[in-house]
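Values below: every heavy atom of this structure, side chains too, minus hydrogens, waters and symmetry copies.
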Amino acid sequence: MTSQHHQTFQTCPPDLYIDNTDVPVIRPLQTVSRETPAPHSPLGLWTQWYALPKTPLMVTAEFAAAIEGPLPPLDTVLSIAAMDAAPARWTSSGEAWVVPLPLQLLGVVPIRRKNSPNARIPVWASTNFLPTEEGTGTTFESLCIGHEETVRALLKEVTRVGQHTPLRLSVRPVALSIREAEEAISENRPLPEHTTHFAPPYKFDWSRLK
């Protein structure tokens, strides 16, 4: 990390919480209409999902034909699914936002800039989709730490993984400890120490947040 990025980012465990809860703040979250029940808002959903027990999981995506080029990271796929599955429409007035997910946080990154002192960006415990060793480019896997039933429910909302239509998406537990999974994930996903594009939407340079 360069000295300039030291002034912008500080990766840390969650240390700022929603009032009267142990749920860490992540933002900028999207918004909903005033008539939307609180549990259906991004903040309400995040409060529910954070409380769920989470374990190491492997998500598998299978395709009919071999795929060339990278697939989007799992947290991007789940973010789109979460927005599609939301009972109320989520909107954002900004160029970038964060989406609550039923995944473990590796950390929260405060964006320390004069014009945006309160942004707190989640670093999710999930990897890119990578081809399996025995596969021919038709089967890809992503390791994550999450709530299995909720991840499975979100996968049912997925119709596209990037530009490709999967034959099937599945999730299963893996025999790793939380610490082992965290270490493996940290080696196979963007981190703030290495890039400013470390959370969905990955195209967005969070250091430019205004």
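V109 places none of its side-chain heavy atoms less than 4.5 Å from the side chain of W206. Within the 4.5 Å cutoff, the side chain of L143 has heavy atoms near those of the L176 side chain. Between P102 and L154, the closest side-chain pair of non-hydrogen atoms falls below 4.5 Å. In this structure, the side chains of E193 and T11 come closer than 4.5 Å at one or more pairs of heavy atoms. With a 4.5 Å cut-off on side-chain heavy atoms, L105 and V123 do not count as touching. At least one side-chain heavy atom of Q104 sits less than 4.5 Å from a side-chain heavy atom of I178. Side-chain contact check for V98 versus I121: some heavy-atom pair is nearer than 4.5 Å. Side-chain contact between D205 and H197: present, with at least one pair of heavy atoms (C-beta onward) separated by less than 4.5 Å.
Here the straight-line distance linking atom CD of E148 with atom OG1 of T55 works out to 6.0 Å at 0.5 Å rounding. Note: L43 CG to Q48 CD = 10.0 Å, rounded to the nearest 0.5 Å. Separation of atoms SG (C144) and CG (D75) is listed at 9.5 Å; rounding is to 0.5 Å. Rounding to the nearest 0.5 Å gives a distance of 12.5 Å between CD1 of I80 and CD of E157. Put simply, OG1 on T195 and CG on L191 are 9.5 Å apart, with the number rounded to the nearest 0.5 Å. With rounding to the nearest 0.5 angstrom, the CG atom of D22 is 7.5 Å from the OH atom of Y17.
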Test L103 against I145 for side-chain contact (heavy atoms from CB on, under 4.5 Å), laying out the working first. CA-CA 6 Å; L103 300 178; I145 303 172; over 6 Å; no

List the steps, then state whether side-chain contact (heavy atoms from CB on, under 4.5 Å) holds for V99 with M83. CA-CA 8 Å; V99 177; M83 290 187 287; 4.2 Å; yes

Begin from the C-alpha positions of F63 and F140 and carry the test side-chain contact (heavy atoms from CB on, under 4.5 Å) through to its verdict. CA-CA 9 Å; F63 301 90; F140 293 75; 3.9 Å; yes

Can T127 and L74 be said to form a side-chain contact (heavy atoms from CB on, under 4.5 Å), step by step? CA-CA 6 Å; T127 68; L74 174 62; over 6 Å; no

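Side-chain atoms of S170 and R152 form no donor-acceptor pair, as typed in the model, at a separation below 3.5 Å. Of the N and O atoms on the side chains of R160 and T165, at least one donor lies less than 3.5 Å from an acceptor on the other residue. For the 3.5 Å distance criterion, the side chains of T139 and T132 fail to qualify, holding no donor opposite an acceptor.
Residues W97 and L16 share a hydrophobic cluster, clusters being chains of Ile/Leu/Val/Met/Phe/Trp/Tyr side chains in contact below 4.5 Å. Criterion: ILVMFWY side-chain heavy atoms under 4.5 Å apart, direct or through other members. Under it, I18 and I26 are part of a common hydrophobic cluster. Taking hydrophobic clusters as Ile, Leu, Val, Met, Phe, Trp and Tyr residues chained together by side-chain heavy-atom distances below 4.5 Å, L71 shares a cluster with L101. Hydrophobic clustering (ILVMFWY, side-chain heavy atoms < 4.5 Å, transitive): V77 and Y202 are in distinct clusters. The hydrophobic clustering, which links ILVMFWY residues whose side-chain heavy atoms are closer than 4.5 Å, places L167 and M58 apart.
Between the side chain of N128 and the backbone N or O of L130, no donor-acceptor pair lies under 3.5 Å. Judged by distance alone, with hydrogens and angles left aside, the side-chain atoms of T76 form no donor-acceptor pair with the main-chain N or O of P72 at under 3.5 Å. The backbone N or O of E180 lies less than 3.5 Å from a partner atom in the side chain of S177, making a donor-acceptor pair. Remark: side-chain polar atoms of E141 are not paired, donor with acceptor, to backbone N or O of F129 under 3.5 angstrom.
Between V23 and T21, the shortest heavy-atom contact is N-OG1, 3.1 Å. Heavy-atom minimum distance, V174 versus L57: CG2-N, 3.9 Å. Here the shortest heavy-atom pairing between W49 and P100 reads CZ3-O, 3.2 Å. In this structure, P42 and L29 approach most closely via the heavy-atom pair CB-CD2, 4.1 Å. Between A51 and K54, the shortest heavy-atom contact is N-NZ, 4.4 Å. Nearest heavy atom pair, residue S186 against residue L106, reads OG-CD1, 4.0 Å.
The aromatic rings of W46 and W124 stand perpendicular to each other, their planes meeting at an angle above 60°, with 30° marking the opposite boundary.
For E183, the CD atom is densely surrounded, since the number of other residues' heavy atoms within 6.0 Å is greater than 12.
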